[in-house]
Protein chains: 2
Amino acid sequence: MAELNERSQNILEAIVKDYIASAEPVGSRAITRRHDFNLSPASVRNVMADLEEMGLLCSPHTSAGRIPTEKGFQYYIDTLLQVRDLSDKEKKQLRNSYRFSGMKMEDIMQEVGRILSGLSKYAGLVMVPKFASTVFRQIEFVRLSHGRLLVIYVSETGLVQNKVISADVDIDQRQLEKISNYLNRELGGLTIHQVREKLKKEMQEEMSLYDQLRKKALSLSFAALQDEVEDQLFVAGTSLMLEQPEFSSPEQMRRLIQTFESKKILIDLLDRSQSAQGVQIFIGSDVDLKGCSLISANFSNRKGAIGALGVVGPMRMDYSQVVPIVDFTAQLVSRVLDREAE
Amino acid sequence: MAELNERSQNILEAIVKDYIASAEPVGSRAITRRHDFNLSPASVRNVMADLEEMGLLCSPHTSAGRIPTEKGFQYYIDTLLQVRDLSDKEKKQLRNSYRFSGMKMEDIMQEVGRILSGLSKYAGLVMVPKFASTVFRQIEFVRLSHGRLLVIYVSETGLVQNKVISADVDIDQRQLEKISNYLNRELGGLTIHQVREKLKKEMQEEMSLYDQLRKKALSLSFAALQDEVEDQLFVAGTSLMLEQPEFSSPEQMRRLIQTFESKKILIDLLDRSQSAQGVQIFIGSDVDLKGCSLISANFSNRKGAIGALGVVGPMRMDYSQVVPIVDFTAQLVSRVLDREAE
DNA sequence: TATTAGCACTCGAGCTGGTTGAGTGCTAAC
DNA sequence: GTTAGCACTCAACCAGCTCGAGTGCTAATA
């Protein structure tokens, strides 16, 4: 990206801000009226023409004003955006709206999504900690029918996963208890990732094992924990997005709803943000979110179990407002998870 | 409802069917053209005027055709609708699309919703068995932190619920195991409803109990099972609904999405249908579904754990097509649940 | 040389008026 | 009781019009 001189930057910033506020194309006169650049509309037009040349602006048709392109927004976010900090009062308010004592993980996540959506007026997303990175706490087996077992797995953070597996031989409940006791002793404190490694190694070593119990335990737990569980995504406030003028036409609405329905695109993005530090902003169609942006941040506790949360809004959303909300919420959630696991 | 003579019935039926097919107001000429009543348009008009008088039809404006009112649809469904049975071939196809072996409850429900939606081209709903009516199989406690316990409850059908409770005293994991063993022995085979009764009675009788273990077990399980868990609802295919012409305008879309988002209305209706026998049809705004209908049926296994599933579509949906699909799917799901619990 | 005033031009939005066609209600004849 | 005929209504569509906001270019200006 070629460098912009100060004047161009100012004008670009003005256009982006006005467009964020109004959702309408911004014209040269409107800018000189609303901002104090000591420039005539004609000069502004010249600058605008340059910015259009560079791909930062575009006009929907000849006699309309300009709107920022994705690239324009990207530039704005990268170099012009100033994120304001939350005031202590706002922080306090935010902290107060989060009351999670006695709630189970799923409910907490759902509630966080709702609050994010309520604060931002856009859609709130929360992705629960990825299975493989959670820390093993406890495993239980329940015999459902002949050869069919329900496995219940609990992580350090109190996240519960369950799964049905089939065993080739029938095992009664007493034996299952012994097996789970054994596994709980052996595997506590490891991440699922580590657990898998350990199981694989042991199974190779002890193919011809005498200890029947241990053998069964190994094969059962291997079956239970081997494959990846889909990430769980909570979405709240989709209908708020529909209020935004850019989604007022039926086709755009449909598109948006489909995006939220499939969840895949959103999960992929949150996954990406999970491994990064701090707040991340994803813009527009290069991430399959035509017309939208995602502001996200990961959360984690001391033990490292991680997830991600964020807000999806129109590309034209008020970043300076939403970024600190997402940031602070992620910190709050991290703290809550820490407390849960203490 | 006053009785209609045969001619009026025929014409009403023709109008409803044509409207279902086209989503457009139906005029008198169109009817004489498409159906063979040996009547002139003028005669049909007279009948239509009568039907409008009775509140079964209405016209959006003076020179448009007529469309059925909610009352009209209701009449059609109650007395004119002939539900065709599925052919053996279709049944077989349906059976083949359901492959649930080795899936856990939640995933099965989600999949059923998707298939319902795919078959009907409308939105598919599945509500998992109501908590209070499930049959107790097993309970486990996991100590999360000082005084905070995670309770995991498994029903006969393999449905897993979990909840965080706080105990006034700290209890170690060994003791928790004993407690859960005790409870599993005592409560197996009862419905949650029955369990609650039993616990209440025992707690009253044994306020001054010497057996500390039993006392703790009672109070813990009481805390764990006392309050009602929200019903869980799976929705699939909302975006298919948006394809329907009646939801093409932005406001109607927004409304529809909000209905699906809040879930409450849908849960209430499925709840109602849960206690009824066979297929139920809910129509329009007297059940807070403006412009929509819900076709639902409950499913159950021999042990009585029940839930409900259904399809939400525009009021103008093809009932003769969708009713048998919902019906047969409910039967299939019931059979699957039976097999799970065997 | 950078800035600006002036001007012709473009184009969407919104209004008007006219036409068309599907549909109605009423009445009088069959 | 049925129907043909007729006047009437109304949404949808189209064409033509004005308006206003905005543009790009050019020539004058500081």
Side-chain angles (χ1 to χ4, degrees), chain A residues 4-12 14-16 18-19 21-69 72 245-246 248-250 252, chain B residues 4-12 14-16 18-19 21-69 72 245-246 248-250 252:
Chain A
L4 294 183
N5 59 37
E6 201 184 326
R7 189 202 195 121
S8 307
Q9 287 201 347
N10 287 339
I11 289 180
L12 177 59
I15 293 175
V16 172
D18 283 12
Y19 180 65
S22 71
E24 305 265 288
V26 185
S28 53
R29 273 204 66 204
I31 290 196
T32 54
R33 238 185 294 120
R34 254 194 296 270
H35 300 82
D36 215 11
F37 290 140
N38 281 325
L39 284 178
S40 73
S43 309
V44 173
R45 278 205 288 281
N46 288 330
V47 176
M48 284 163 97
D50 295 347
L51 292 172
E52 181 160 6
E53 182 95 6
M54 298 165 75
L56 298 172
L57 298 179
C58 67
S59 44
H61 58 87
T62 323
S63 74
R66 303 295 212 297
I67 59 179
T69 60
E246 36 264 273
S248 60
S249 92
Q252 287 156 328
Chain B
L4 293 183
N5 60 38
E6 201 184 325
R7 173 145 125 215
S8 308
Q9 286 201 350
N10 287 339
I11 290 180
L12 177 59
I15 293 175
V16 172
D18 283 12
Y19 180 65
S22 71
E24 304 268 287
V26 184
S28 53
R29 273 204 66 204
I31 290 197
T32 54
R33 238 185 293 120
R34 254 195 296 269
H35 301 82
D36 213 12
F37 289 140
N38 280 326
L39 283 178
S40 74
S43 308
V44 173
R45 279 207 284 282
N46 287 331
V47 176
M48 283 164 97
D50 295 347
L51 291 173
E52 179 159 7
E53 183 94 8
M54 299 165 74
L56 299 172
L57 298 179
C58 67
S59 43
H61 59 86
T62 324
S63 73
R66 303 295 213 295
I67 59 179
T69 59
E246 37 264 273
S248 60
S249 90
Q252 288 157 327

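Chain naming here is simple, since letters A, B, ... match the order of the sequence lines and numbering starts at 1 in each. Side chains are part of it too, since the values below use all heavy atoms of this structure and drop only hydrogens, waters and symmetry mates. Bear in mind the structure is a predicted one, so any value in this text is a computation, not a measurement.
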Minimal non-hydrogen separation, P68(A) against L57(A), with atom names: CA-CD2, 3.8 Å

Pair N10(A)-H35(A), side-chain contact (heavy atoms from CB on, under 4.5 Å): steps then yes or no: CA-CA 10 Å; N10(A) 287 339; H35(A) 300 82; over 6 Å; no

Nucleotide dT1(C), atom C1' - distance to CZ of R7(A) in whole Å: 12 Å

Shortest non-hydrogen contact from E52(B) toward R66(B): OE1-NE, 2.6 Å

Closest non-hydrogen atom pair between S248(B) and P250(A), with its separation: O-CG, 3.1 Å

Under 4.0 angstrom between S40(B) side-chain N/O and dT2(D) OP1 or OP2: no

Sugar-phosphate, base or nothing in reach of S59(B), heavy atoms under 4.0 Å: nothing

For atom CG of N38(A) and atom C1' of dT4(C), their distance in whole Å: 13 Å

Atom pair distance, as rounded to whole Å: CE in M48(A) and P in dG22(D): 9 Å

Under-4.0 Å side-chain N/O to phosphate OP1/OP2 contact, S43(B) with dG1(D): no

Side chain of R33(B) - closest among dT23(D), dT4(C), dG23(C): dG23(C)

Sub-4.5 Å side-chain heavy-atom contact between L51(B) and L4(B): yes

Footprint string (nucleotides 10-21 of chain D, 5' to 3'): B base within contact, S backbone only, - free, heavy atoms under 4.0 Å: BS---------B

Minimum side-chain heavy-atom gap V16(A)-V26(A) below 4.5 Å: no

Rounded interatomic separation in angstrom, taking CD1 from I67(B) and C1' from dG23(C): 14 Å

T69(A) side-chain N/O to L56(A) backbone N/O, donor-acceptor pair under 3.5 Å: yes

Taking only nitrogen or oxygen atoms into account, show me every contact under 3.5 Å that the protein makes with nucleotides 14-19 of chain C, one pair per line with its distance.
none

Pair N46(B)-S43(B), side-chain donor/acceptor within less than 3.5 Å: no

Shortest non-hydrogen contact between A23(B) and P245(B), atoms and distance: CB-CG, 3.6 Å

Atom-to-atom span, CG of L57(B) to C1' of dG23(C) - whole angstrom: 14 Å

Nearest non-hydrogen partners of P25(B) and P60(B), listed with the distance: CG-CG, 4.0 Å

Atom pair distance, as rounded to whole Å: CZ in F37(A) and P in dT3(C): 14 Å

Taking N or O atoms only and anything under 3.5 Å, show me the protein contacts with nucleotides 24-28 of chain D, one pair per line.
residue, atom, partner, partner atom, Å
dG24(D), OP1, R66(A), NH2, 3.0
dG24(D), N7, R45(A), NE, 3.2
dG24(D), O6, R45(A), NH2, 3.1

Distance in angstrom units between Y19(B) OH and dG23(C) C1', rounded: 17 Å

Heavy-atom side-chain proximity of I67(A) to C58(A) below 4.5 angstrom: yes

